[in-house]
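Down below is the structure, laid out as structure tokens.
Computed over heavy atoms, backbone and side chain alike; hydrogens, waters and symmetry mates excluded. What you are looking at is a predicted structure, and each value in this text was computed from that prediction instead of being measured. Residue numbers begin at 1 in each chain, while the letters A, B, ... track the order of the sequences.
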Amino acid sequence: MELEGERPPAPAPGVGRERDRPVRWREVRLRRSADFDRVRREGRTWSHPLFVLIAAPNPMGVTRIGVVAGRRVGRAVARNRAKRLLREAARHLHPHLATGWDLVLIARPPILTVKGPQVEAALEELARKAGLWQEE
RNA sequence: CAGGUCGGCCAGGCGGUCGCGCUCCGCGCAUCGCGCGGGGUGAGGAAAGUCCGGGCUCCACAGGGCACGGUGCUGGGUAACGCCCAGGCGGGGUAACCCGACGGAUCGGGCCACAGAAACAGACCGCCAGGUUGGUGGGUUAGCGGGAUAUGAGCAUCCCGCUGAUUCCCCCAUAUACCGGCUACCGGUCUACCAGAUACCCGUCUACCAACCUGGCAAGGGUGAAAAGGUGGUGUAAGAGACCACCGGCGUCCGGGGUGACCCGGGCGGCCAGGCAACCCCCACCGGGAGCAAGGCCAAGCAGGGGCGACGUGGGGGCAAGCGAAGUGCCGCCUGCCCCCACACGGGGCGGCCCGUCCCGUCCGAGCCCCGGGUGGGCCGCUUGAGGCGGCGGGCAACCGCCGUCCCAGAGAGAUGACCGCCCACGACAGAACCCGGCUUAUCGGCCGGCCUGGAGC
RNA sequence: GCGGGCGUGGUUCAGUUGGUAGAACGUCUCCUUGCCAAGGAGAAGGCCACGGGUUCGAGUCCCGUCGCCCGCU
């Protein structure tokens with residue numbers, strides 16, 4: 001399912017491969033408003049009915065992930081639900097993602113109709129399209 | 001048992017794997033801090049909407065008046081409320097029970113479309129009295145007169161006219177005779193006088209209809225959401241609370257009950273004239289402004305520029321320099337700086353205005369406006385509180401007091417999720433962001449209790 | 001957290017002392033033209049966002065709900 005054509009720059013080399021270790025989610029979160037703005041301004045976009053993936057390279061050697069659910073998704077309960085599903089999927093699949101990227105996941109309303117594994121499958125599909133997927 | 005009504009409670013549960021926020025203990029690295037292991041704890045009845053009320057924090061705290069906003073039966077509860085409890089009154093329901101912005105309409109302004117005579121004061125139809133003018137049909141029958149036919153003449157027969165407005169019949173008219181309907185109209189039904197003379201003459205009495213005029217009336221009709229107390233009687237030309245009886249309502253006074261709203265009984269009064277104050281308004285009571293992005297501390301960083309802007313005046317004091325032939329003293333004059341007082345002006349506190357008051361400033365300038373620059377990190381506030389539970393006591397209750405006991409989320413891109421198994425029989429509305437008390441709205445289903453109505457059985 | 005505004009025909013908007021809801025454009029029918037457009041004549045189309053209340057009567061006044069938009073910090 002490798003996508004041909006132009007591809008984002010290769011991940012920074014020489015980063016340790018510690019995929020066996022459980023990911024410490026709090027260390028790989030994208031937190032600052034400036035980071036979100038930078039990714040959405042400079043990054044490339046891949047979309048899926050459940051959510052949208054935006055990716056931009058960073059020079060830090062780690063892959064950070066931010067999660068967004070706007071008012072279109074629903075009220076507070078619905079937005080929390082959407083962000084939890086996206087965080088859980090990202091946490092599980094983080095070891096398979098290329099390093100040195102900042103990712104933003106934007107929830108769409110249909111995500112409320114599915115369960116966890118479908119979100120993980122959708123994230124894997126988008127990661128493959130973006131060329132960020134690394135088979136173990 | 002069925003239906004109804006009111007109140008209270010629960011908000012899927014258990015187990016396993018991988019994860020999250022906070023916190024405690026131990027160990028390790030070891031400056032903050034980080035990592036590992038273990039324990040504890042972790043969203044709601046509405047956390048929601050932000051419709052009220054407070055606490056807390058900062059700003060401001062002589063005060064007065066006027067605005068503005070809110071609340072609106074009474075008493076109580078409370079930190080406070082527009083909330084709650086109890087009671088009163090009004091309305092709904094067979095009942096339990098539920099609902100009610102529920103002060104004032106004889107201080108004033110305003111509004112009440114259309115219809116209707118009139119919407120708060122009146123007369124369209126109508127009823128009554130008086131006056132003026134005009135009118136009251138036809139038939140039959142009778143009388144009288146005339147004529148025609150016929151005859152000697154008459155009677156008789158036929159025709160016409162007049163009279164009896166009244167006795168027999170018919171028709172017509174009449175919105176207060178009655179019934180029905182599409183209701184000032186239409187249809188149907190009923191009634192339409194009395195007396196008197198010889199229905200002849202004279203005279204008298206009197207009825208009815210129409211139009212108009214003058215006056216009286218407010219019963220009835222019709223309009224409307226709303227029209228002047230209701231029923232019966234007296235009374236009158238016709239009528240009317242004009243008067244009377246009973247009933248209903250209003251005002252006022254007295255007596256009684258209640259803290260009070262209000263209720264009960266009695267007397268008196270005129271029946272005086274509606275509704276809307278979620279229209280203005282009046283009355284009573286309440287209300288400073290902002291909000292945890294409040295506010296405080298630490299660290300880091302930066303760069304300033306422009307515009308508007310009040311006239312100042314008088315007095316006093318201190319210091320310094322100069323001048324008055326001389327003088328480190330005294331006095332006077334003058335200049336500069338600083339301070340105080342009074343007045344004027346400008347600005348601010350003072351939330352909208354005025355008075356008043358306090359503070360700052362008046363050309364080295366208070367304050368205001370515009371442009372530009374830096375930061376957007378950390379800590380505190382931050383959860384022990386009008387707190388939960390249990391018991392006792394007070395109170396009809398809301399609630400309050402005392403004692404005991406418990407600690408029960410504190411995040412900061414923002415913590416409860418993912419997967420599997422089982423059970424109940426499939427899980428609704430929905431996520432804390434400073435904290436409480438209420439209200440309102442959303443909500444699958446289940447449990448418990450009080451009361452009411454109906455039916456059945458003992 | 002605090003504050004403000006708006007929901008009316010298909011669309012854009014009016015609508016004051018509360019009294020039968022209007023305009024423009026659009027739609028439809030007819031006329032005009034060989035045909036279309038323009039033009040002329042006429043018509044249809046609204047539970048005034050929703051639910052209660054006040055009033056005889058509510059688009060309008062009061063309370064609540066929903067949706068959309070804006071401002072300040």
*Backbone N/O of A:Val73 and side chain of A:Arg79: donor-acceptor pair under 3.5 Å*: no
*Given side-chain contact (heavy atoms from CB on, under 4.5 Å), test A:His48 with A:Leu53 step by step and report yes or no.*
CA-CA 8 Å; A:His48 185 275; A:Leu53 167 68; over 6 Å; no
*Across all strands, who's sitting opposite B:rU140 as a Watson-Crick or G-U wobble pair, both distances under 3.5 Å?*
none
*Mind checking A:Arg79 for me? I need base, sugar-phosphate or nothing, with any heavy atom below 4.0 Å counting as a touch.*
nothing
_When both hydrogen-bonding distances must be under 3.5 Å and the geometry is Watson-Crick or G-U wobble, what is C:rA41 paired with, if anything?_
C:rU29
_Show, in sequence, the C-alpha distance, side-chain angles and deciding distance for A:Leu86 and A:Ile111, and conclude whether the side-chain contact (heavy atoms from CB on, under 4.5 Å) test is met._
CA-CA 9 Å; A:Leu86 289 175; A:Ile111 200 173; 3.8 Å; yes
*Donor-acceptor pair under 3.5 Å: do we get one between A:Arg84's side chain and the base of B:rG19?*
no
_Without decimals, in angstroms, what is the distance between A:Arg87 CZ and B:rC18 C1'?_
16 Å
*Would you check if A:Phe51 and A:Val67 make a side-chain contact, meaning some heavy-atom pair closer than 4.5 Å?*
no
_For B:rG180, give the paired nucleotide (Watson-Crick: N1-N3 plus N6-O4 or O6-N4; G-U: N1-O2 and O6-N3; both under 3.5 Å), or none._
B:rC186
*To the nearest Å, give me how far apart CG (A:Asn80) and C1' (B:rA432) are.*
11 Å
*Syn or anti for B:rG241, taking syn as within 90° of 0?*
syn
*On RNA chain B, check which nucleotide each of A:Ala78 and A:Gly116 is closest to and give me the residue with the more 5' one.*
A:Gly116
*Mind checking the P distance from C:rU54 to B:rG72? Whole angstroms is fine.*
16 Å
*d(CD, A:Gln118; P, B:rG417) in whole Å*: 18 Å
*Given atom CG of A:Leu105 and atom C1' of B:rA413, what is their separation to the nearest angstrom?*
13 Å
*Which base sits across from B:rG454 as a Watson-Crick or G-U pair, both distances under 3.5 Å?*
B:rC1
_Any strand: nucleotide that pairs with B:rA366 via Watson-Crick or wobble, under 3.5 Å_ = none
*If anything within 90° of 0 is syn and all else is anti, what is B:rG45?*
syn
*Could you give the distance separating B:rA237 and B:rU214 at their C1' atoms, to the nearest angstrom?*
16 Å
_Taking the C1' atom in each of B:rA277 and C:rG18, what is the distance between them to the nearest angstrom?_
15 Å
*Would you kindly give the CZ-to-P distance between A:Arg75 and B:rA432, to the nearest whole Å?*
11 Å
*Pick one: which of A:Val52, A:Ile54, A:Leu126 meets side chain to side chain contact (heavy atoms under 4.5 Å, CB included) with A:Trp46?*
A:Leu126
*Taking any strand in view, what nucleotide pairs with B:rG361 in a Watson-Crick or G-U wobble way, both distances under 3.5 Å?*
B:rC345
_A:His96 side chain vs A:Glu124 backbone, donor-acceptor pair below 3.5 Å_ = no
_Taking the C1' atom in each of B:rC250 and B:rG100, what is the distance between them to the nearest angstrom?_
24 Å
*Separation of the P atoms in B:rG135 and B:rC159, to the nearest angstrom*: 31 Å
*Is the glycosidic torsion of B:rU383 within 90° of 0, making it syn, or is it anti?*
syn
*Find the partner of B:rG372: check Watson-Crick (N1-N3 plus N6-O4 or O6-N4) and G-U wobble (N1-O2, O6-N3) distances, both under 3.5 Å, and reply none if neither fits.*
none
*Want to settle it: does A:Glu88 or A:Val68 sit nearer the 5' end of RNA chain B, counting the closest nucleotide to each?*
A:Val68
*asked:* Looking at A:Arg84 and A:Glu88, is any side-chain nitrogen of the basic one under 4.0 Å from a carboxylate oxygen of the acidic one?
replied: no
*With rounding to whole Å, what would you report as the distance between B:rC89 and B:rA261 at their P atoms?*
13 Å
*Sticking with atom C1', work out how far C:rA24 lies from C:rA14, rounded to a whole angstrom.*
11 Å
*Take atom NZ of A:Lys83 and atom P of B:rG21, then tell me their distance rounded to the nearest Å.*
16 Å
*If anything within 90° of 0 is syn and all else is anti, what is B:rA156?*
anti
_Nearest-angstrom distance, C1' atom, B:rG55 to B:rA386_ = 9 Å
_B:rC408 glycosidic torsion: syn (within 90° of 0) vs anti_ = syn
*Rounded distance (Å) that lies between atom P of B:rC18 and atom CD of A:Glu120*: 16 Å
*asked:* Please name the nucleotide paired to B:rA290 by Watson-Crick or G-U wobble geometry with both distances under 3.5 Å, or report none.
replied: B:rU57
